[in-house]
Colleague: 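First the structure, then my questions, so here it is.
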Amino acid sequence: MLLYTEVTRYLDFKVVEGSFVYKGGKIYKVPSTETEALASNLMGMFEKRRFRKFLVFVANFDENDSKTFEGVDPKTTTMRDVYKKFDLGQDVIDFTGHALALYRTDDYLDQPCLETINRIKLYSESLARYGKSPYLYPLYGLGELPQGFARLSAIYGGTYMLNKCVDEIVMEKGKVVGVKSEGEVARCKQLICDPSYIADRVRKAGQVIRVICILSHPIKNTNDANSCQIIIPQNQLPDLQQISPLQLNWFVAISDLYEPTEDGSESQVFCSRSYDATTHFETTCNDIKDIYKRMTGTDFDFENMKRKQNDVYGEEDQ
């Protein structure tokens with residue numbers, strides 16, 4: 001999405017220096033290559049060899065070449081069965097699913113294995129590209145992302161009204177016709193907003209707990225990395241109190257998650273979902289594409305976006 005929209009021309013990225021996983025009160029580097037698998041303290045000797053075979057299988061896997069399947073049907077074999085095939089233990093399954101494939105829950109275990117294999121391949125290929133970890137982060141913080149899209153929108157004629165409160169969403173005959181602010185009405189045919197603006201058109205879908213910890217020193221076993229991501233698998237959460245000696249200050253926020261109760265086709269009010277607990281924007285991007293489809297009736301066409309970009313910037317197709 002960033003590449004096709006070319007928002008990257010307004011952004012600078014920095015590589016996050018390490019990727020780690022939390023297990024039994026300790027932090028371990030996430031092994032994602034054959035060499036790292038053999039050197040990892042996460043597993044015993046025999047487990048390392050089995051995991052190495054699994055990584056080799058994933059690296060060689062090609063969904064268009066049945067010779068690489070090794071008896072696995074990517075569309076019907078579940079990921080649980082793939083793990084059984086390589087005789088992988090629960091600890092390895094945990095960090096593979098949550099720290100390599102980046103799943104939030106274990107639901108993926110009983111689904112066809114193709115997506116999980118592709119996710120692990122993506123992780124390994126990204127790591128090979130950037131070195132220390134597969135993760136990039138905006139150099140000056142996440143605020144750069146909306147700023148970059150704001151600049152892109154301005155190129156396409158977007159207008160911004162800053163420091164204006166929303167007093168009312170104006171409806172006529174069940175459809176949105178404008179937004180009222182300080183006595184003025186900005187007219188519109190469609191409206192995109194987050195759940196905080198239309199409390200009567202959303203429902204609570206859950207909660208998310210966000211915590212900021214200011215530490216007095218680097219986290220152990222992270223090689224004093226200036227930045228890192230630590231994945232905490234779902235079944236490791238009860239052990240988190242063991243981190244507490246490191247803390248200097250806690251900042252905790254519990255937020256309700258909301259989702260729209262309607263698709264917006266009648267009212268032309270298109271509402272996003274609340275931000276969930278993920279940090280990699282996959283669900284957020286899916287939400288954006290869902291809003292686009294509800295508004296236009298068609299899927300977002302990235303190739304078409306590229307062609308339009310060439311028209312705007314005067315670049316030739318490549």
Side-chain angles (χ1 to χ4, degrees), residues 1-22 27 29-30 98-100 102 104 122-123 126-127 129-156 158-166 192-197 207-232 240 243 246-258 272-289 291 302 305 309:
M1 190 177 285
L2 292 172
L3 289 171
Y4 272 94
T5 58
E6 295 193 7
V7 169
T8 47
R9 68 175 64 211
Y10 309 117
L11 298 168
D12 291 311
F13 289 94
K14 181 179 175 64
V15 176
V16 176
E17 291 188 14
S19 178
F20 300 88
V21 64
Y22 178 84
I27 304 295
K29 188 177 189 309
V30 176
H98 297 286
L100 292 180
L102 299 181
R104 290 174 293 161
L122 175 63
Y123 186 102
S126 300
L127 182 65
R129 185 183 182 99
Y130 295 110
K132 292 182 179 180
S133 87
Y135 299 114
L136 297 178
Y137 194 84
L139 184 58
Y140 302 106
L142 293 178
E144 291 292 289
L145 288 173
Q147 186 170 304
F149 279 104
R151 290 178 182 175
L152 183 67
S153 179
I155 289 175
Y156 284 89
T159 303
Y160 294 85
M161 299 174 69
L162 305 180
N163 198 27
K164 298 280 282 185
C165 60
V166 175
I192 307 171
C193 64
D194 71 42
S196 65
Y197 293 98
Q207 289 184 308
V208 61
I209 303 172
R210 294 183 172 92
V211 182
I212 297 174
C213 301
I214 300 177
L215 308 180
S216 58
H217 55 78
I219 298 174
K220 288 182 180 179
N221 302 324
T222 60
N223 301 320
D224 292 340
N226 290 319
S227 59
C228 65
Q229 171 159 282
I230 299 174
I231 301 291
I232 305 172
L240 269 182
I243 296 180
L246 295 175
Q247 103 215 15
L248 188 61
N249 280 304
W250 286 96
F251 297 92
V252 182
I254 302 176
S255 308
D256 291 336
L257 300 178
Y258 294 98
S272 64
R273 297 169 179 265
S274 302
Y275 292 120
D276 62 22
T278 56
T279 58
H280 48 67
F281 296 103
E282 181 182 12
T283 54
T284 306
C285 291
N286 288 339
D287 192 27
I288 292 170
K289 290 186 285 187
I291 291 174
F302 286 98
M305 173 72 202
Q309 194 106 51

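Along the sequence shown, residues are numbered consecutively beginning with 1.
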Colleague: Sequence neighbours excluded, which residues qualify as side chain to side chain contact (heavy atoms under 4.5 Å, CB included) partners of I212?
Modeller: F251
Colleague: What's the shortest heavy-atom distance between I155 and Y10, and which atoms?
Modeller: CD1-OH, 2.7 Å
Colleague: Tell me, please, which residues at least two apart from R104 pass salt bridge (Lys or Arg N to Asp or Glu O under 4.0 Å).
Modeller: D276
Colleague: Does D194 have any side chain to side chain contact (heavy atoms under 4.5 Å, CB included) partners at least two apart in sequence or in another chain, and if so, which?
Modeller: S196, Y197, S272
Colleague: For Y275, is the OH atom crowded, meaning more than 12 foreign heavy atoms sit under 6.0 Å from it?
Modeller: no
Colleague: Between S274 (side chain only) and Y258 (backbone N and O only), is there a donor and an acceptor less than 3.5 Å apart?
Modeller: yes
Colleague: Please report, to 0.1 Å, the donor-acceptor pairs under 3.5 Å made by any side chain of residues 133-147, with sequence neighbours excluded.
Modeller:
unit_1	atom_1	unit_2	atom_2	d
S133	OG	V16	O	2.3
S133	OG	Y135	N	3.2
Y135	OH	Q229	NE2	3.0

Colleague: Determine, step by step, whether S19 and Y123 satisfy the side chain to side chain donor-acceptor pair (under 3.5 Å) criterion, reporting the C-alpha distance in whole Å, the side-chain angles of both residues, the deciding distance to 0.1 Å, and the verdict.
Modeller: CA-CA 11 Å; S19 178; Y123 186 102; 2.8 Å; yes
Colleague: Would you compute the distance between atom CG of L102 and atom OG1 of T278 and round it to the nearest 0.5 angstrom?
Modeller: 10.0 Å
Colleague: The criterion is side chain to side chain donor-acceptor pair (under 3.5 Å); which residues satisfy it with K14, sequence neighbours excluded?
Modeller: none
Colleague: In Å, rounded to the nearest 0.5 Å, how long is the span from OH of Y22 to CD1 of I230?
Modeller: 10.0 Å
Colleague: Can you tell me how far OG1 of T284 sits from CZ of R273, rounded to the nearest 0.5 angstrom?
Modeller: 11.0 Å
Colleague: Taking only residues two or more places apart in sequence, or in another chain, which ones meet K289 in a salt bridge (Lys or Arg N to Asp or Glu O under 4.0 Å)?
Modeller: none
Colleague: Has the side chain of S126 got a donor or acceptor atom that lies under 3.5 Å from a matching backbone atom of L122?
Modeller: yes
Colleague: If you compare all heavy atoms of I254 against all heavy atoms of Q207, which two are closest, and at what distance to 0.1 Å?
Modeller: CG2-NE2, 3.9 Å
Colleague: For residues S153 and Y160, report the shortest heavy-atom separation together with the two atoms involved.
Modeller: CB-OH, 3.1 Å
Colleague: Under the rule for side chain to side chain donor-acceptor pair (under 3.5 Å), what residues qualify as partners of N226, not counting sequence neighbours?
Modeller: E17
Colleague: Work out which heavy atom in P218 is nearest to a heavy atom in D224; give both atom names and the distance.
Modeller: CB-OD1, 3.6 Å
Colleague: Quick check: closest heavy atoms across I27 and N221, and the distance to 0.1 Å?
Modeller: O-CB, 3.3 Å
Colleague: Any non-hydrogen side-chain atom of L2 less than 4.5 Å from a side-chain atom of F149?
Modeller: yes
Colleague: Between atom SG of C228 and atom CD1 of I219, what is the distance when rounded to the nearest 0.5 Å?
Modeller: 5.5 Å
Colleague: Minimum heavy-atom separation for W250 and C213, please, with both atom names.
Modeller: CZ3-SG, 3.3 Å
Colleague: Do T283 and C285 make a side-chain contact, defined as non-hydrogen atoms from C-beta onward lying under 4.5 Å apart?
Modeller: no
Colleague: Could you state the interatomic distance from CD1 (I288) to CZ (F281), rounded to the nearest 0.5 Å?
Modeller: 9.5 Å
